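Shown next, in structure tokens, is the structure this report addresses.
All values reported here derive from a predicted model rather than from experimental measurement. Nothing fancy with the numbering, it's 1 onward along the sequence.
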Amino acid sequence: MTTGQDSALLLIDIQNDYCHPEGVFAAAGLRVTDPDALVERVNTLTAAARSHGRPVIWVRMEWPDDDSVGLLAERSPFLRSAGLRRGTWGAALLDGLVVAPGDHTVVKSRFSAFHRTALDELLGDLGVGTLVLAGVRTDFCVESTVRDAFFRDLRAVVAGDAVAGYFEDLHLASLRLMGTVFAEIVPTDEAAALLAGATPPADERAPERSHTHAPGRSDAR
């Protein structure tokens with residue numbers, strides 16, 4: 001594992017509609033069953049990043065109108081006229097997340113945080129070569145972002161118990177896939193240590209960490 005001064009923390013879609021029990025995804029049966037645990041782990045990562053001067057970047061999915069949802073409105077009809085709309089409660093970050101004035105924000109309209117956003121330019125301006133990632137949803141937005149980071153020759157480290165999905169099997173499969181070549185999968189405490197400046201040898205990581213569980217996902221489809 002190698003992280004240095006070029007590392008940043010990238011936090012994906014930890015928003016009310018994705019994670020809160022009263023959000024539109026929960027109403028459609030897609031639930032993160034322990035969002036409080038997710039918030040706690042993310043706050044551990046942000047504190048570690050800030051303690052060592054690492055950039056913290058909050059990514060939010062957001063649409064200005066119904067037409068902007070695109071093909072996803074056909075695949076997930078509950079999003080046709082509601083959910084993640086700009087300026088709404090659903091598009092806001094979960095309560096309890098510690099956001100600091102010096103943090104950065106990237107707003108996206110598709111799964112990957114790189115698609116039609118200024119993230120590439122921001123990372124270049126910050127001199128970032130390694131991303132530590134957490135957030136939602138493991139097998140959609142997190143994985144899409146990790147793949148795009150890899151295609152840009154950016155190193156990715158995923159805090160495996162600080163990402164969450166809606167289906168355990170898909171979550172675990174995504175972690176396993178990302179852990180092949182796209183990213184390294186580590187627990188939150190190790191990701192926090194790396195953000196705070198620690199650099200343990202790569203051979204100290206146990207292979208089974210690629211199967212780290214995220215907090216509270218429903219098995220109901």
Charged N-O contact under 4.0 Å between Arg85 and Asp66 = yes

ask   = Say you draw a straight line from CD of Glu143 to NE2 of His171; how long is it, rounded to the nearest 0.5 Å?
value = 12.0 Å

message = Once rounded to the nearest 0.5 Å, what's the spacing between atom OG of Ser51 and atom CG of Leu195?
response = 8.0 Å

inquiry  = Quick check: closest heavy atoms across Pro55 and Val128, and the distance to 0.1 Å?
reply    = CG-CG2, 4.5 Å

query = Run the side-chain contact (heavy atoms from CB on, under 4.5 Å) check on Glu40 and Asn43 step by step: do they pass?
reply = CA-CA 5 Å; Glu40 181 178 356; Asn43 285 341; 5.9 Å; no

query = Minimum heavy-atom separation for Leu38 to Ala162, with atom names?
reply = CD1-O, 3.3 Å

inquiry  = Membership question, hydrophobic clusters at under 4.5 Å side-chain separation (ILVMFWY): are Leu30 and Trp89 in the same one?
reply    = no

query = With a cut-off of under 6.0 Å to the ring centre and 45° to the axis, is Arg137 in cation-pi contact with Tyr166?
reply = no

inquiry  = Is there a path of hydrophobic side-chain contacts, each under 4.5 Å between heavy atoms, that joins Val181 and Val142?
reply    = yes

ask   = Backbone N or O of Glu22 within a donor-acceptor pair of the His20 side chain at under 3.5 Å?
value = yes

key: Leu9 with Val107, same ILVMFWY side-chain cluster at under 4.5 Å   = no

key: Path from Val98 to Ile14 over hydrophobic side-chain contacts below 4.5 Å   = no

query = With Glu62, which of Arg86, Gln15, Lys108 fulfils side-chain hydrogen bond (donor to acceptor under 3.5 Å, both in side chains)?
reply = Arg86

query = So, for Leu175 and Gly160, which heavy atoms are closest and what is the spacing to 0.1 Å?
reply = CD1-O, 4.0 Å

Check: Asp148 side chain, Ser112 main-chain N or O, donor-acceptor pair, under 3.5 Å = no

inquiry  = Once rounded to the nearest 0.5 Å, what's the spacing between atom CG of Leu154 and atom CG of Asp120?
reply    = 7.0 Å

message = Looking at every non-hydrogen atom in both residues, tell me the closest pair between Ala91 and Asp17 and how far apart they are.
response = N-OD2, 4.2 Å

request  = Answer yes if the ring centres of Phe78 and Phe25 are under 6.0 angstrom apart, and no otherwise.
outcome  = yes

ask   = Do Asp65 and Ser68 have side-chain atoms, one donor and one acceptor, less than 3.5 Å apart?
value = yes

remark   = For Gly165 and Asp139 the tightest heavy-atom approach is CA-OD1, 4.5 Å

task = Can you measure from CG (Leu133) to CD1 (Ile12) and round to the nearest 0.5 angstrom?
result = 5.5 Å

request  = Report the distance from atom CE of Met61 to atom CZ of Phe140, rounding to the nearest 0.5 Å.
outcome  = 10.0 Å

query = Can you list the steps and then say if Phe111 with Leu72 is a side-chain contact (heavy atoms from CB on, under 4.5 Å)?
reply = CA-CA 10 Å; Phe111 294 151; Leu72 186 59; 4.0 Å; yes

Interatomic spacing from CG in Leu123 to CG in Leu131 - rounded to 0.5 Å = 5.5 Å

message = With side-chain contact (heavy atoms from CB on, under 4.5 Å) as the criterion, how do Thr145 and Phe114 come out once you've worked through the C-alpha distance, each side chain's angles and the decisive distance to 0.1 Å?
response = CA-CA 7 Å; Thr145 300; Phe114 288 95; 3.9 Å; yes

remark   = Heavy-atom closest pair (Gly127 atom, Asp6 atom, distance to 0.1 Å) is O-CB, 3.1 Å

key: side-chain contact (heavy atoms from CB on, under 4.5 Å) evaluation trace for Leu170 with Thr138   = CA-CA 8 Å; Leu170 298 181; Thr138 313; over 6 Å; no

inquiry  = Does any part of the side chain of Leu194, heavy atoms only, come nearer than 4.5 Å to the side chain of Val132, both counted from C-beta?
reply    = no

